Q: 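Could you have a look at this structure, given as structure tokens, before my questions?
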Amino acid sequence: MTTVDELLALGDDALIAAQRLAEWTTRAPELEEDVALANIALDLLGQARMLLSYAADLERAGLEGAGRDEDALAYLRGEREFRNAQLTELPRGDFADALVRMLFFAAYQRELYAELAAGPDERLAAIAGKASKEVAYHVDHAIMWTLRLGDGTDESHRRAQAAVDRLWPYTFELFEDRPHLREAWLAAVEPVLAEATLDRPEDGRFRPTGGRKGVHTEHMGYLLAEMQSLHRAHPGASW
Amino acid sequence: MYGNDIPEQPGHARLLDEVAAAERDLTGRGLGGDGTEGGADDYFGAVIAADGKIEPRDEMPEAYRKSLIRQIAQHAHSEIIGMQPEGNWISRAPSLKRKAILLAKVQDEAGHGLYLYAAAETLGVDRADLYEMLLDGRQKYSSIFNYPTLTWADVGAIGWLVDGAAIVNQVPLCRCSYGPYARAMIRVCKEESFHQRQGYEILHVLANGSPEQKAMAQDAIDRWWYPSLAMFGPPDTDSTHSAQSMAWKIKRFSNDELRQKFVDMTVQQAEVLGLSLPDPDLRLGEDGHWAYTQPDYDELFTVIKGDGPCNRQRIEHRRAAWEDGAWVREAATAYAKKREGATV
Ligand SMILES: [Fe+2]
Ligand SMILES: [Fe+2]
């Protein structure tokens, strides 16, 4: 059976990725891209809400009395209780960071949700089934831009390669709970990098980890401080 | 998506009915005016007289074309700049549901900008050139977006008052004589009506929440009321563009008529919210219209001239996004060229 911690890991990945991606709103290089990035952030936020609500229901079932809801989980947990992978919390960076991160993360989510959609937990399978369709679009969008940036101008190539090199070490953490998915992930990502004329980095020894146990980067505290500030300023209020 | 415990807004449904009626009239009509296939010289005048639609390939006076470009571009710029004040609260929205609604709203505004730039492009201008004119100050955007969003309640006040005023302004544009603009407005108005409802709902929840929340809502209305009234432009006696626009059937009501319509609708809705409008002289007249205090037009001109609280910040933000994105747009162009080369 699925555990609350597993659901928090899934939901927190989607929530923190959405929070970061939404920072692009009003800042994208083109109006069409502003709309596309907001769309993807909305998909991720929707996934986060379904997953956190499920986590809350499951937690409540194991408790006496009232439990938490999606907002209590999102707004009232401390940093050490968040289970997202560090890849999702890294700062916004430039447009290459955003789209390479999307490629890595969405390709991971695609494998993950395909597996969960066929799994024994019916509620989780339904969430994953719906999310699979969204994530397929995110992968396509990220591939389109990885190709354009990698095989565009000298500057875009340099920036895209820098983003790939910077983010690659953070991809290992994604597969800590499900190592078998990395092979399919590599099979999806490597050809895109090759076609984009980008070098696939070597698998080095720097493999940041800890997110699944609530150990995050220094960036996470600021993200949560911003996200939670208003909610926490009015304890018990409805919105 | 919305709670059923939020009361109806007096006057809200009627505006939507007007959009629907404009849409029915538009689809019931062929291209151009009805039965006006007269001499080509006077085609424009005949279409306008018959309440028909001018389409991009039709002949039109140069002044009509220029005036439309100015108005549609200014409208498009307003949608885009208008994303910033509310975008300011996406990261801090107080619940996940509110975050999703707000993000979707700001995204809608980008979509409105896209429809409107596309409508402007049918008149033979380029979006990139219009952007440039926005960034260097040659074209304006609605001054309302030069005020800051200081609290979460400002998001509610913008939805309720600013989107509300925008709808009152835009519903008549659904019948404007230029076809592409009228069609864009029909799409836009339907979405603006959702935005207004969402703003009203935010304020309703705050007004019925803790004392701090209620005070936050009242403070936001106190700050946004007069700037919203100023959105309808200077009083009719001082308006420079109105008469010609009316003759061309781009504009159908005067600034003061629209402002009155907005006041009448909003006063009733404020009562339902249990919040007050910051005008001690609001009185229901015998003609059924509310008498109200005019906004400070000197302040409006100060803001239009560029000296409002956020003019510099808004343009600086847009310019930074545009300049930071230059290498991305260049990459997309270079990549497309390589592809073309490869397939030839
Ligand atoms: Fe809009
Ligand atoms: Fe709107």
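Small disclaimer: the values here were computed from a predicted structure and weren't measured. Per chain, numbering begins at 1; letters A, B, ... match sequence-line order. Computed from heavy atoms alone, side chains included, the values below leave out hydrogens, waters and symmetry copies.
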Q: Could you tell me which portion of B:Ile80 (side chain, backbone, both or neither) has an atom closer than 4.5 angstrom to a non-hydrogen atom of chain A?
A: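 For B:Ile80, side-chain heavy atoms alone lie under 4.5 Å from chain A.
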
Q: Please give me the minimum heavy-atom distance between B:Met83 and A:Thr26, naming the atom from each residue.
A: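 Here B:Met83 and A:Thr26 meet closest at CB-CG2, 3.6 Å.
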
Q: Just how far is it from atom CG of A:Leu15 to atom CG of B:Leu96, taken to the nearest 0.5 Å?
A: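 Taking CG in A:Leu15 and CG in B:Leu96, the distance rounds to 6.0 Å.
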
Q: Taking every heavy-atom pair that is under 4.5 Å apart, which of A:Ser229, A:Ala74, A:Ser238 has the most such pairs with chain B?
A: A:Ser238

Q: Can you tell me which of A:Thr153, A:Leu31, A:Leu230 forms the most heavy-atom pairs within a distance under 4.5 Å of chain B?
A: A:Leu31

Q: Looking at side-chain heavy atoms only, is the closest gap between B:Glu86 and A:Thr25 below 4.5 Å?
A: no

Q: Is it the case that over 12 heavy atoms from other parts of the model lie below 6.0 angstrom from the OH atom of A:Tyr222?
A: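 For A:Tyr222, atom OH is not crowded (no more than 12 foreign heavy atoms under 6.0 Å).
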
Q: Quick one: of A:Arg232, A:His157, A:Arg49, A:Met144, who has the most non-hydrogen atom pairs under 4.5 Å with chain B?
A: A:Arg49

Q: Between chain A and each of B:Lys337, B:Gln84, B:Arg127, count heavy-atom pairs under 4.5 Å; write down the option with the most.
A: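 The answer is B:Arg127.
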
Q: Checking heavy atoms, do the side chain of A:Trp145, its backbone, both or neither come under 4.5 Å from chain B?
A: side chain

Q: For the interface with chain B, which of A:Ala96, A:Ala22, A:Gly150, A:Gly152 has the highest count of heavy-atom pairs at distances below 4.5 Å?
A: A:Gly152

Q: A:Asp154, A:Leu52, A:Leu45: which one forms the most heavy-atom pairs within less than 4.5 Å of chain B?
A: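 The candidate making the most pairs under 4.5 Å is A:Leu45.
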
Q: What's the shortest heavy-atom distance between B:Ala110 and A:Val35, and which atoms?
A: CB-CG2, 3.6 Å

Q: Any Lys/Arg nitrogen of B:Asp324 or A:Arg27 sitting under 4.0 Å from an Asp/Glu carboxylate oxygen of the other?
A: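 Salt bridge absent between B:Asp324 and A:Arg27.
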
Q: Closest approach of A:Asp71 and B:Ser95, non-hydrogen atoms and distance?
A: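 Reported closest heavy-atom pair: OD2-CB, 3.2 Å.
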
Q: What residue in A:His234, A:Glu226, A:His231 has the most heavy-atom pairs under 4.5 Å with chain B?
A: A:Glu226

Q: Do you know the tightest heavy-atom contact between B:Leu103 and A:Ala41?
A: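 Looks like CD2-CB, 3.8 Å.
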
Q: Salt bridge (charged side-chain N to carboxylate O under 4.0 Å, His left out) for A:Glu70 and B:Arg98? Distances and angles first, verdict last.
A: CA-CA 12 Å; A:Glu70 59 172 22; B:Arg98 292 283 168 219; over 6 Å; no

Q: Which answer fits A:Arg159, side chain, backbone, both or neither, if we ask what part of it has an atom under 4.5 Å from a heavy atom of chain B?
A: side chain

Q: Counting neighbours of CZ on A:Arg77 that are heavy atoms of other residues, nucleotides or ligands and sit closer than 6.0 Å, is the number greater than 12?
A: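 Enclosed: over 12 neighbouring heavy atoms sit under 6.0 Å from CZ of A:Arg77.
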
Q: Which bit of A:Asp151 is near chain B, if near means a heavy-atom gap under 4.5 Å: side chain, backbone, both or neither?
A: both

Q: Nearest 0.5 angstrom please: B:Lys97 NZ to A:Trp239 CH2, how far?
A: 14.0 Å

Q: Atom CH2 in B:Trp327, atom CZ in A:Arg158: separation rounded to 0.5 Å?
A: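 Taking CH2 in B:Trp327 and CZ in A:Arg158, the distance rounds to 9.0 Å.
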
Q: Hey, does B:Tyr335 have a side-chain heavy atom less than 4.5 Å from the side chain of A:Leu149?
A: no

Q: Run the salt-bridge test on B:Arg329 and A:Glu33 with the 4.0 Å N-O cut-off and return the result as yes or no.
A: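 Judged by the 4.0 Å cut-off on N to carboxylate O distance, B:Arg329 and A:Glu33 do not form a salt bridge.
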
Q: Minimum heavy-atom separation for B:Ser91 to A:Gln19, with atom names?
A: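 Of all heavy-atom pairs spanning B:Ser91 and A:Gln19, the closest is O-NE2, 3.0 Å.
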
Q: Look only at the side chain of B:Gln107 and the backbone of A:Ala38, and say whether a donor-acceptor pair between them is shorter than 3.5 Å.
A: no

Q: Strictly distance-based, threshold 3.5 Å: is any side-chain N or O of A:Glu155 a donor or acceptor partner for the main-chain N or O of B:Val328?
A: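 Pair absent, no side-chain N/O of A:Glu155 close to backbone of B:Val328.
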
Q: For each of B:Pro94, B:Ala331, B:Ala321, tally heavy-atom pairs with chain A at distances under 4.5 Å, and name the one with the top tally.
A: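 Most pairs with chain A among the choices: B:Pro94.
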
Q: So which heavy atom on B:Ala93 is nearest to which on A:Tyr75, and how close?
A: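 For B:Ala93 versus A:Tyr75, the nearest heavy atoms are O-OH, 2.7 Å.
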
